[in-house]
Amino acid sequence: MLEIKNLRASVDNNEILKGIDLSIRAGEVHAIMGPNGSGKSTLAQVLAGREAFAVTAGAVTYQGRDLLAMPPEERAREGIFLAFQYPVEIPGVSNLYFVRTALNTIRKQQGLEELDAMDFLALAKEKMKLLGIDETLMGRPVNEGFSGGEKKRNEILQMLVLEPKLAILDETDSGLDIDAVRIVADGVNALRSAERAILVVTHYQRLLNYIIPDHVHVLYNGRLVKSGDKNLALELEEKGYSWLEQGAAA
Amino acid sequence: MKETMISDSSMQAGRGRSQAPAVERELKPPGTRPESAVEEFVAQDYKYGFYTEVEQEVIPPGLNEDIIRLISSKKGEAKFMLDWRLKSYRRWLTMEEPSWQNVHYLPIDYQKIIYYAAPKPKAPGPASLEEVDPEIIRTFEKLGIPLEEQKRLAGVAVDAVFDSVSVATTFKEKLAELGIIFCSFSEAVQQHPELVEKYLGSVVPHSDNFFAALNSAVFSDGSFCYIPKGVRCPMELSTYFRINARDTGQFERTLIIAEVGSYVSYLVGCTAPMRDSNQLHAAVVELIALDHAQIKYSTIQNWYPGDKQGRGGIYNFVTKRGKCLGAHSKISWTQVETGSAITWKYPGCILQGDHSIGEFYSVALTNNYQQADTGTKMIHIGRNTRSTIVSKGISAGHGQNTYRGLVKILKGATGARNYSQCDSLLLGDKCGAHTFPYLEVKNSSSTVEHEASTSKIGEDQIFYCRQRGLSNEDAVSMIVNGFCRQVFKELPMEFAVEAHKLLGVSLEGSVG
């Protein structure tokens, strides 16, 4: 589904990704772990099409297409979803209206009929129930005045409504208490299927107790320095990241 | 009360602010390549710029007492009207065009303007719709304002003004059953001279300011509305202004009187053809609310804004003011200003009655080379009077947007309260936002609050929307509409939808 080859990216001439190779197939869950500043969020944002990052080398193929040539909205319409680490506030725009507009834009692309307000509300309510989200959240402006936990749950809610093919979660667990982590994990697990792939970017192993990954990769100083199965995450939890330094320096 | 305290010539003096004199605007070529999402979004064509070929009656250009007598005689006016016009003209001759506003334009040659242009009537006397030139009916239909009975917007009565005259007023008879008078200003002068004589100039005196004096001398038509005691007007009343003829100015007057305990919601829309030359629109609107009466006045101003290089467009110099004459009366102004090359207007409220309420909700958008200097005046005279000001300015392209507002609390206004909020949103880095709030408080028991913010539309916000599948245009439109929500929710439903669309249209191409 996603093929990343020798991807290099920089911001303000400062190279952050220094040659990433990664292959994700449909049905798989991959986790990318790494210390602060290793380039995890950059990778997530580059895949989503953030223009602040300049891709200087490499190629990314998504469902057989050149992903890097697609503008962000086209990537979204083709099924790529990024759960933001810092969800953005849009004052005056109701969450309900925002998510419905997004869904209908994507449905249009897929040749499906747009959902009217009533049908959409029914769908949103079902997903909100699953995530234990207070229904009043939908009537409020997008992320405005939301608590940190509400913002993250709102991302997962959007993900469940939009049903992406490739979901990228950028540190969705950070700043959440254990109950909230479990709710987020339930949401992600509900989305798991043979046609979808999920890329979880996280600093901590904790989330991976609830979302069991097929593959775990360690990102260190702009490179994937180690890959393994779910046990690698446990190993990292135990040893921390410092032991990787020697490997990375080589 | 001295006139200068409330007149629209009064925002100039003694504020220690030197204003650049009106000079020729520097026109720069437009950017060859849109640099950001915002710029690309802001460039889109004006959709109402067509011209209608009709047989016209046009008087020679220029202004003198003979021209004023000619206009008055064309209207078959009583002597009190002619006298008032001449008094205004003589006053105007002694006045100077204001230069304190933060807008720049070439001097206007008042002798080159045509002060009266009207489609030729097919038969003398008041025209029924069958007698209106079908071209004109088609014009309004094209603008989304059907005048024919079966196509009328349900629940909205329309007075359609074409250049210098009102061509049709819908639902007149139905409203008359409730005692509501809704007609053209000319008809009011004929049919209800006592009301006109009593209230004309009672809120905006003929000497108020340069443009109001000019209007008082030459105004040719407009709308008149009278809501009798205790009547709640069952439909939205509206006037649609269309400038069509070349080289003419449009000078209309609106007078709305809400008797004790009555309610009316009034709407105004306006458009004009695309031309390379500038045209002047200098209107006056007066609202009077008696005890417990309520007037809600909404404007969607979409005059031709000029082209992308700043050529052409309407000069919109307008004086709008409401007087809360009675206790517990309320006047609300809601305006969405997206058109005109220059907008100069300060719809205000004189809060004379105790416990009266004034409100001003504004969205002003300037794109390309548009300039807006707009805001409000809230004059608190009565006890426990309250006012609310919410102003949202959006600047794109090379647009310059100024909020100018006066809150004045007089000695007797015990317990008066004001809340002002002025927010500016910048799209791109060649536009400007300016805020000039004036506060004059002479009563220590009053409360005045002012909040202001300026923000640039965030790349973060745009990216967030695009990541959810929205196009660049839709993202900016959504963010801008969200920014304006506080104002849009004050508009009547159908017009909120219009405003929403209009904002998208006026901004399209400004993002990149």
Side-chain angles (χ1 to χ4, degrees), chain A residues 44-53 70-95 97-110 114 140-144 151 154-155 157-159 161-164 166-168 170, chain B residues 34-41 336 361 363 390-394 421 423-425 427 451 453-491 496-497 499-501 503-504 511-512:
Chain A
Q45 299 208 45
V46 166
L47 291 177
R50 182 103 203 193
E51 281 148 0
F53 298 98
M70 293 156 75
E73 59 268 35
E74 202 181 330
R75 298 182 198 198
R77 291 171 197 169
E78 290 297 334
I80 293 181
F81 178 92
L82 173 65
F84 283 62
Q85 184 179 5
Y86 303 108
V88 180
E89 298 184 1
I90 309 177
V93 176
S94 96
N95 208 19
Y97 179 71
F98 178 71
V99 185
R100 183 159 74 93
T101 307
L103 177 63
N104 281 335
T105 309
I106 292 167
R107 284 178 69 92
K108 223 164 140 186
Q109 175 91 355
Q110 295 168 342
E114 296 187 16
R140 288 159 59 188
V142 182
N143 293 320
E144 199 185 32
K151 284 183 181 173
N154 192 31
E155 294 293 292
L157 171 67
Q158 292 182 37
M159 183 179 80
V161 169
L162 300 178
E163 299 187 319
L166 172 64
I168 303 164
D170 188 5
Chain B
E35 279 165 19
S36 76
V38 181
E39 281 173 32
E40 202 176 279
F41 184 76
V336 177
Y361 298 96
V363 167
V390 176
S391 163
K392 303 277 181 177
I394 303 155
Q421 183 193 336
D423 299 320
S424 306
L425 186 66
L427 306 177
E451 288 177 28
S453 78
T454 302
S455 51
K456 249 188 116 158
I457 194 159
E459 287 298 324
D460 279 2
Q461 289 176 318
I462 295 176
F463 179 65
Y464 189 68
C465 295
R466 291 177 78 188
Q467 209 300 304
R468 296 297 184 255
L470 275 67
S471 68
N472 217 354
E473 274 81 4
D474 289 346
V476 175
S477 170
M478 188 182 264
I479 295 162
V480 169
N481 272 294
F483 175 76
C484 302
R485 211 188 80 91
Q486 258 178 302
V487 174
F488 286 175
K489 71 181 172 53
E490 299 296 328
L491 287 170
V497 175
H500 196 106
K501 279 193 216 145
L503 214 62
V511 196

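Order of the sequence lines sets the chain letters (A, B, ...), proteins ahead of strands, with each chain counted from 1.
Residue contact with chain A, scored on non-hydrogen atoms closer than 4.5 Å, is absent for B:C484. A:R75 does not touch chain B: none of its heavy atoms, backbone or side chain, sits under 4.5 Å away. Looking at B:Y464, both its backbone and its side chain come within 4.5 Å of chain A, counting heavy atoms on both sides. A:I90 touches chain B through backbone and side chain together, each having a heavy atom under 4.5 Å away. For chain A, the nearby parts of B:R468 are the backbone and the side chain; heavy atoms of each come within less than 4.5 Å. With a threshold of 4.5 angstrom between heavy atoms, A:V142 approaches chain B through side-chain atoms but not through N, CA, C or O.
By the side chain to side chain contact (heavy atoms under 4.5 Å, CB included) test, A:R107 is found to be paired with A:L103, A:N104, A:L112, A:L115, residues two or more places apart in sequence or in another chain being considered.
We find the OG1-CE distance between A:T101 and B:M478 to be 3.5 Å, quoted to the nearest 0.5 Å. Between atom CD of residue B:Q467 and atom CD of residue A:E73 there is a gap of 10.5 Å, rounded to the nearest 0.5 Å.
Looking only at side-chain heavy atoms (C-beta outward), B:Q486 and A:P91 stay at 4.5 Å or farther from each other.
When all heavy atoms of A:P72 and B:F463 are compared, the closest pair comes out as CB-CE1, 4.0 Å. For the residue pair A:A76 and B:G469, the shortest heavy atom distance occurs at CB-N, 3.4 Å.
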Would you give me the side-chain donor-acceptor pairs under 3.5 Å for residues 80-89 of chain A, sequence neighbours excluded?
| from | atom 1 | to | atom 2 | distance (Å) |
| --- | --- | --- | --- | --- |
| A:Q85 | OE1 | A:S41 | OG | 3.0 |
| A:E89 | OE2 | A:K151 | NZ | 3.4 |

